[in-house]
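Numbers for residues simply follow the sequence, beginning at 1.
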Amino acid sequence: MADPYYITTAISYPNGRPHIGHAYEAIAADAIARFHRQAGRDVKFQTGTDEHGLKMVQAARDKGVSVEDLAAEMSGYFRAMDDALNISYDRFIRTTESDHHRASQAIWQAMADAGDLYLSRYEGWYSVRDEAFYEEKELVDGEGGAKLSPQGTPVDWTAEESWFFRLSKYQQPLLDHIAANPDFIRPESRRNEVVKFVEGGLMDLSVSRTSFDWGVKVPGSDGHVMYVWVDALTNYLTGAGYPDNADDLAKWWPADLHLIGKDIVRFHAVYWPAFLMSAKLALPKTVFGHGFLLHRGEKMSKSIGNVVDPIELSEAFGVDALRYFLLREVSFGQDGSYSAEAIVTRVNAELANSFGNLAQRTLSQIFKNCGGGLPEIHGLDAPDTALFDVVDKAVRGAMPVAFGDLALSQGIEQWMQAVYACNAYVDEQAPWALRKTDPARMETVLAVLYICIAQLTVAIAPIIPASAKTLLDRMGIAEDLRTFTAIGSHWYSPLAESDFKIDQPVGLFPRLELPAETA
């Protein structure tokens, strides 16, 4: 039975259209999900939209539409983005769905049964934009003496009756869990931030609101809806079958990976595990807070005018080119920067000139000199076995280790080094010259290249899935051979065993040009 793997993104707040930051997280999660599927695991990949809360109510009011209609419309934009970027989610969850309301009310009841909820009155600072409560000591001064959250967002003094969660009760259990599970919060910088925050003392948390009614109703408490983060975080349990399907829950929970932005680590690494501890549920194995994606080194802002539509970006450069650039360019977990020039430079140098050209000239020679049939190996020389070793160590060694450790850019770097080795091998062996002097040696060289290119294509498929599928189809690689376990090693590979005939190849990665407005 395949080993299950459950990965989630943060669910997006749809009070505005998706931006490149949303796309970055979705692409990274998709690559990780595809990697684990390719490694033979039974993967569940969930993403979606977080549709409750005061921010949505205000956005709907500003647009003059009902909040239900706004949620449906905006959620559709996020799903459209995922589909356009070839995101292979298994469920796109909306927090307005009935099974999610049941899950949220079930975890609320479990926390109540544990004695961790009590009714009181909340008075304090609240940021509508962050949907977060802040203590006085966390606030910073803005222009004109205005109070701002640590994220720089406006805060308002709020006073209303509220249910409270005994977060303070879980201060030491949280510290103990983090200490005992080094991979619970990653990367290390995020873990250190969380530990410092928890060690500073945890206040009980207001977990219901009465000033609006757009949310999950608190069971048995008329007029109260759940604080949006209780509801939002519970989506991960909803997707795992809680509370209705015990078999699914046993299979998928705890989640293997919550992939989120670094700005919401506190909610996922403090509030969420405390809720789960209270409800007597297992904690997720890893919460990974990735960095921000900057545009030319600047944080994206509507006021600056540098917010980019990810679908427009993918249409300008290609979906796989964009996916490759983002995961290659940015060291995962750190902030990264992008620009049209950087995308064009990276993609042209690596996908078009190096990998694409390698595949094009190899398959062209097989088509011309071998009648399109797969060439035979007529004995291996030292350069052949050396190349097999280089490719094998990359695609069956370094890359799976790196991808499994969420070091995506490092894994792609290992792949790129193997591509460079293949290109050097082509130049050294010059199969075009061997056609007349040593046809058998030419066939061996082309066979070696064919096998290496197939292995490299299978290995990079989680990053550029559509392009990889196209190339593997053109090479006649059977579907059941497109896994890490099937691609073989050293001189032997089942990829070479086929009566397939290669057609005249066409370029896989056309060279990119800068859009006119940036050229």
Side-chain angles (χ1 to χ4, degrees), residues 8-29 46-63 65-82 85 87 89 91-97 100-101 103-104 126-134 149-156 207 209 211-216 225-239 258-269 271-272 287 289-290 292-293 299-302 307-311:
T8 69
T9 67
I11 51 174
S12 302
Y13 207 80
N15 63 321
R17 290 183 181 240
H19 55 65
I20 191 64
H22 296 115
Y24 175 55
E25 181 170 299
I27 289 168
Q46 179 162 298
T47 188
T49 44
D50 166 19
E51 299 172 25
H52 293 133
L54 182 57
K55 194 159 47 173
M56 284 292 287
V57 174
Q58 292 181 346
R61 185 186 306 134
D62 292 344
K63 291 177 180 292
V65 299
S66 73
V67 66
E68 292 87 353
D69 287 345
L70 177 66
E73 177 192 354
M74 301 306 289
S75 179
Y77 295 134
F78 282 85
R79 189 190 293 263
M81 178 198 74
D82 285 343
L85 296 174
I87 307 302
Y89 57 84
R91 179 171 180 182
F92 187 99
I93 191 170
R94 297 183 58 195
T95 54
T96 48
E97 293 167 351
H100 177 67
H101 280 239
S104 299
Y126 186 74
S127 166
V128 175
R129 192 177 303 175
D130 299 344
E131 297 282 12
F133 302 96
Y134 293 105
S149 77
Q151 317 298 334
T153 58
V155 293
D156 297 305
V207 288
R209 305 296 303 274
S211 54
F212 59 93
D213 62 1
W214 176 243
V216 178
V225 296
M226 293 181 195
Y227 171 43
V228 66
W229 276 104
V230 176
D231 151 27
L233 292 162
T234 302
N235 94 88
Y236 308 127
L237 277 175
T238 308
H258 289 330
L259 186 62
I260 59 167
K262 67 179 183 180
D263 54 332
I264 54 173
V265 168
R266 178 191 302 184
F267 303 98
H268 286 79
Y271 300 170
W272 180 227
V287 174
H290 63 76
F292 289 143
L293 195 60
K299 192 171 181 180
M300 283 169 282
S301 165
K302 290 181 181 177
V307 177
V308 178
D309 184 321
I311 296 180

Does the side chain of [X] reach to within under 4.5 Å of the side chain of [Y], using non-hydrogen atoms?
{"X": "F92", "Y": "D82", "result": "yes"}
{"X": "K262", "Y": "H290", "result": "no"}
{"X": "W229", "Y": "I264", "result": "yes"}
{"X": "M56", "Y": "P14", "result": "yes"}
{"X": "T8", "Y": "T47", "result": "no"}
{"X": "W272", "Y": "T234", "result": "yes"}

Could you measure the distance from the [atom1] atom of [X] to the [atom2] atom of [Y]? Nearest 0.5 Å is fine.
{"X": "T96", "Y": "E68", "atom1": "OG1", "atom2": "CD", "value": "9.5 Å"}
{"X": "Y227", "Y": "L233", "atom1": "OH", "atom2": "CG", "value": "9.0 Å"}
{"X": "N15", "Y": "L70", "atom1": "CG", "atom2": "CG", "value": "8.0 Å"}
{"X": "T95", "Y": "E97", "atom1": "OG1", "atom2": "CD", "value": "8.5 Å"}

Given the side-chain rings of H101 and H52, with only the six-membered ring counted for Trp, is the space between their centroids under 6.0 Å? yes

Validation row, ring centre H100 to ring centre Y236 under 6.0 Å: no

What are the two closest heavy atoms between [X] and [Y], and how far apart are they?
{"X": "Q46", "Y": "G239", "answer": "OE1-CA, 3.0 Å"}
{"X": "F212", "Y": "V225", "answer": "O-CG2, 3.6 Å"}
{"X": "S149", "Y": "V155", "answer": "N-CG1, 3.7 Å"}
{"X": "M81", "Y": "P18", "answer": "SD-CB, 3.6 Å"}
{"X": "V216", "Y": "S104", "answer": "CG1-CB, 4.0 Å"}

On the six-membered ring of Y126, is R209 placed so that its NZ or CZ lies under 6.0 angstrom from the centre and within 45° of the ring axis? yes

Give the intermediate values and the outcome of salt bridge (Lys or Arg N to Asp or Glu O under 4.0 Å) for residues E73 and K63. CA-CA 12 Å; E73 177 192 354; K63 291 177 180 292; over 6 Å; no

side-chain contact (heavy atoms from CB on, under 4.5 Å) with R266: which residues, sequence neighbours excluded? Y134, E138, F197, V270, Y271

Could you pull out all residues at least two apart from R129 that satisfy side-chain hydrogen bond (donor to acceptor under 3.5 Å, both in side chains)? none

Taking the side chain from H268 and the backbone from V265, do they hold a donor-acceptor pair closer than 3.5 Å? no

